[in-house]
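Values reported hereafter were calculated over all heavy atoms of this structure, with side chains retained and with hydrogens, waters and symmetry mates removed. Not measured: the values here are computed from a predicted model. Numbered from 1 within each chain, the chains take letters A, B, ... in sequence-line order.
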Amino acid sequence: MSIGLSEQEILRREALQELRRIGINPYPAEAFDITATSEDILKNFPATPDAYQNVSFAGRIMSRRIMGSASFAELQDSTGRIQVYLKRDDICPSEDKTLYNTVFKKLLDIGDFIGVKGYVFTTQTGETSIHVRELIILSKSLKPLPIVKRDDDGNVYDGFTDPELRYRQRYVDLTVNPQFKQIFINRSKVINTMRSYFDEQGWMEVETPILQPVHGGAAARPFNTHHNTLDMPLYLRIANELYLKRLIVAGFDGVYEFGKMFRNEGMDRTHNPEFTSMEIYVAYKDYVWMMEMVEQCLEKVALAIHGTTKVPVGSYEIDFAGPYERLSMYESIQKYTGTDVSNMDEAALRQFCQQLGIEVDASMGKGKLIDEIFGEKVEANLIQPTYITDYPIEMTPLAKKHRSKEGLVERFELFVNGKEIANAYSELNDPIDQRERLEDQLLLAGRGDEEAMAMDEDFLRALEYGMPPTSGLGIGIDRLVMLMTNQSTIQEVLFFPQMRPEKKAKFATAEDFINIGVPAQWVPVINKMGFNTVEELKAGNPNKVFNDLGGMRKKMKLEITMPAKEDVMNWFS
RNA sequence: GAUUCCGUAGCUCAGCCGGUAGAGCAUAACACUUUUAAUGUUGGGGUCCUGGGUUCGAAUCCCAGCGGGAUCACCA
């Protein structure tokens, strides 16, 4: 059993048994009342020392400095770290010094949770510390934590930095790199600030289906699944837009939803297969109104996190105070290329692309060509929040046609730091127009565009009953959080980013080995030698296995009987 | 998908021209009653990612694979 564990893990399991042997439950059931946090003590003790003469504190042991009959340890709680001072004769006032000499010095390890009671004082070196009078074990840790050391200047030594391990074992990451917790605290603030703002306006948070029979509302490849009882295919939603519009039809004036969306596409530092979006729909409004709403909302978010509207992002300082610059798609292209493309036909656009050195192919229509020019020449320049408005109709099947400009739709996207973070329309509520636009998408799908939108007859039926004029907005929450916390990868703002599965070695059971004649006590040795399945063992060289068994027996100082060579040979028959 | 770098102790990393596997921290033992990257002394700990190849000999060189990072492309 213990073979296969590292030496340090074995030692900790032995310490666990020893604790039990001397009558200490390493995983007690009782609650442990806490009267102070590390942040509270460090902040308020200097001013009001009398308030901290009898504190109860719990945390994880993060370092120990043992000096004979006195010791220092650092305990980490959810708010930070504080030093505790333990003196043998204080925690063991009687003759029995077991709690200090054995339990604290030998049986506790870095990573264990303990509770302490005592008084706060300042050490000779000036550090606020808890002088411990009582100590209780709250939870024993069986795996050693990586040790990250910091000196007084904040320099980090032996950091736990491997991104793979940090993302796969976020619990370890946030334990030893607690500075990253702030990102997630801020993520929560972003969402809560938006939610409070929406609620103040009288809009309602709703939930719509994640399992959808038709995936609509965006252009993306979905995850497919299947419902057994109904025996029907279902899709994880790529967007919730069409359901939220049904609720506007139903008579709600403002509905919003924060939720996970799922897109079966590439993964990189700005894309995760599941991501969080916020969509909001408000009746009787248009996209011009929505621009002001977004400005107010983002201003509040920036203030909540930074106390100012100015947010550092990379090498820039971005100011989220509105109003933001507004450029139509054509104006933005004119601004950054010096050329007015608004009256160009497809051939002229194609020629202009070639002139700019943009690759084009024959399948690209007018809308796509304009989008290429925008992406190549404009997007990266939009550092401060900028609205790009009035998109070509071809790429936007759910937005209303522009009130005055032919061939365009009433849509804006908000760009910040060269990236899109929000998308909004005056929503299309003309059911006949909507049907035609979706039919155009079907044609695209017929030509093999896997991302074209599907026809949703129930949604069209809802529109036919009548939807009031409505403005809708979608914001990518992960990307907004990246901006607000100055992170350049989406993995840093997700607790558990999607990863490739861990390489999992197959393990045969002990019985499998015993069945081919391996004595039970030798099974762990076989495992230790790297044979995890019977097949792997049989693929080995019998003579080498026999020799290695002897070697392992000696190396691990095992006092078990060596199997006869004939027996070993029989394992392979 | 392309390019490129990386994979060695629990963690962070050295390891030169191919010749018995190294350091710091962690860990174990001893000492030490205000330390703080505690200190001093002495130990233990390795599938050098996997599989092939070259070689008397491979952590090292070659090939393939797996995993990860970065950059680029694609993708709302």
Side-chain angles (χ1 to χ4, degrees), chain A residues 4-12 14-15 62-74 81-90 100 105-106 109-111 121-129 131 141-169 172 176-177 217-221 238-239 241 261 263-271 273 275 277 359 371 375 395-396 413 419-423 449-451 474-476 479 488-489 491 499-503 505 527-532 548 555-557:
Chain A
L5 296 173
S6 74
E7 181 194 28
Q8 293 189 38
E9 289 174 292
I10 293 166
L11 284 164
R12 284 176 181 229
E14 287 170 1
M62 297 306 285
S63 75
R64 283 192 303 168
R65 295 182 285 278
I66 297 171
M67 285 157 296
S69 56
S71 295
F72 292 90
E74 280 182 296
R81 288 187 187 186
I82 190 163
Q83 178 169 271
V84 297
Y85 173 64
L86 295 100
K87 203 166 152 183
R88 184 186 62 201
D89 296 337
D90 282 358
Y100 183 79
K105 284 172 70 172
K106 308 237 185 253
D109 291 289
I110 287 173
F121 73 113
T122 305
T123 64
Q124 287 183 1
T125 54
E127 177 152 348
T128 302
S129 307
H131 189 125
S141 159
L142 295 182
K143 286 180 91 69
L145 286 171
I147 304 297
V148 177
K149 296 218 169 197
R150 289 173 184 79
D151 64 18
D152 287 342
D153 300 327
N155 297 316
V156 173
Y157 303 85
D158 300 331
F160 180 69
T161 55
D162 181 341
E164 180 180 4
L165 286 174
R166 285 189 48 229
Y167 301 151
R168 281 195 198 283
Q169 302 185 34
V172 174
V176 303
N177 299 321
R221 285 157 63 186
I238 57 174
E241 172 158 358
M261 304 298 153
R263 297 189 183 176
N264 205 342
E265 295 178 339
M267 295 164 55
D268 60 29
R269 67 182 197 287
T270 57
H271 296 83
F275 63 99
S277 89
E359 282 185 37
D371 193 54
M395 311 184 66
T396 315
E413 291 189 318
K419 295 179 187 79
E420 179 226 324
I421 66 158
N423 182 20
D449 184 344
E450 288 186 83
E451 295 179 345
I475 291 184
R479 292 185 188 177
S488 58
T489 70
Q491 286 82 10
M499 305 286 284
R500 282 200 164 75
E502 281 186 78
K503 204 169 33 173
N527 288 337
K528 181 76 178 174
M529 283 161 61
F531 298 114
N532 293 323
D548 288 350
K555 184 178 172 189
M556 300 173 67
K557 297 176 187 129

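Between the side chain of A:Glu164 and the base of B:G67, no donor-acceptor pair of N or O atoms lies under 3.5 Å.
Rounded to whole Å, the distance from CD1 on A:Ile10 to C1' on B:G10 is 12 Å. Counting to the nearest Å, the P atom of B:A9 and the CG atom of A:Asp162 are 12 Å from each other. Following rounding to the nearest Å, A:Asp109 (CG) and B:C11 (P) show an atom-to-atom distance of 16 Å.
Taking the six-membered ring for Trp and thresholds of 30 and 60 degrees, A:Phe72 and A:Tyr85 have ring planes inclined between 30 and 60 degrees apart.
Between A:Glu127 and A:Leu165, the one whose closest nucleotide on RNA chain B sits nearer the 5' end is A:Leu165. Each of A:Pro144 and A:Arg479 has a nearest nucleotide on RNA chain B; the 5'-most of these lies closest to A:Pro144.
For A:Asp162, there are no salt bridge (charged side-chain N to carboxylate O under 4.0 Å, His left out) partners at least two apart in sequence or on another chain. Every salt bridge (charged side-chain N to carboxylate O under 4.0 Å, His left out) that A:Lys143 has, sequence neighbours left out, goes to A:Glu9. Contacts of A:Thr396 classified as side-chain hydrogen bond (donor to acceptor under 3.5 Å, both in side chains), with partners at least two apart in sequence or in another chain: A:Arg411. Scored by the side-chain hydrogen bond (donor to acceptor under 3.5 Å, both in side chains) test, A:Tyr167 finds A:Glu492 as partners (sequence neighbours excluded).
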Shorter than 3.5 Å, N or O on both sides, protein versus nucleotides 71-74 of chain B: list them out with atom names.
unit_1: B:C74; atom_1: N4; unit_2: A:Asp268; atom_2: OD2; d: 3.1

Which atom pairs link the protein and nucleotides 29-34 of chain B when you take only N or O atoms and keep those under 3.5 Å?
unit_1: B:C30; atom_1: OP2; unit_2: A:Lys106; atom_2: NZ; d: 2.9
unit_1: B:C32; atom_1: N3; unit_2: A:Ile66; atom_2: O; d: 3.4
unit_1: B:C32; atom_1: N3; unit_2: A:Gly68; atom_2: N; d: 3.3
unit_1: B:C32; atom_1: N4; unit_2: A:Gly68; atom_2: N; d: 3.3
unit_1: B:U34; atom_1: O2'; unit_2: A:Gln124; atom_2: OE1; d: 2.6
unit_1: B:U34; atom_1: O2; unit_2: A:Gln124; atom_2: N; d: 3.3

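For B:A38, the OP1/OP2 oxygens have a side-chain nitrogen or oxygen of A:Arg65 closer than 4.0 Å.
Here B:C17 is in the syn range [glycosidic angle within 90° of 0].
Note on A:Gln83: a base of the nucleic acid sits closer than 4.0 angstrom, heavy atoms only.
As rounded to the nearest Å, B:G52 and B:U60 have P atoms that lie 14 Å from one another.
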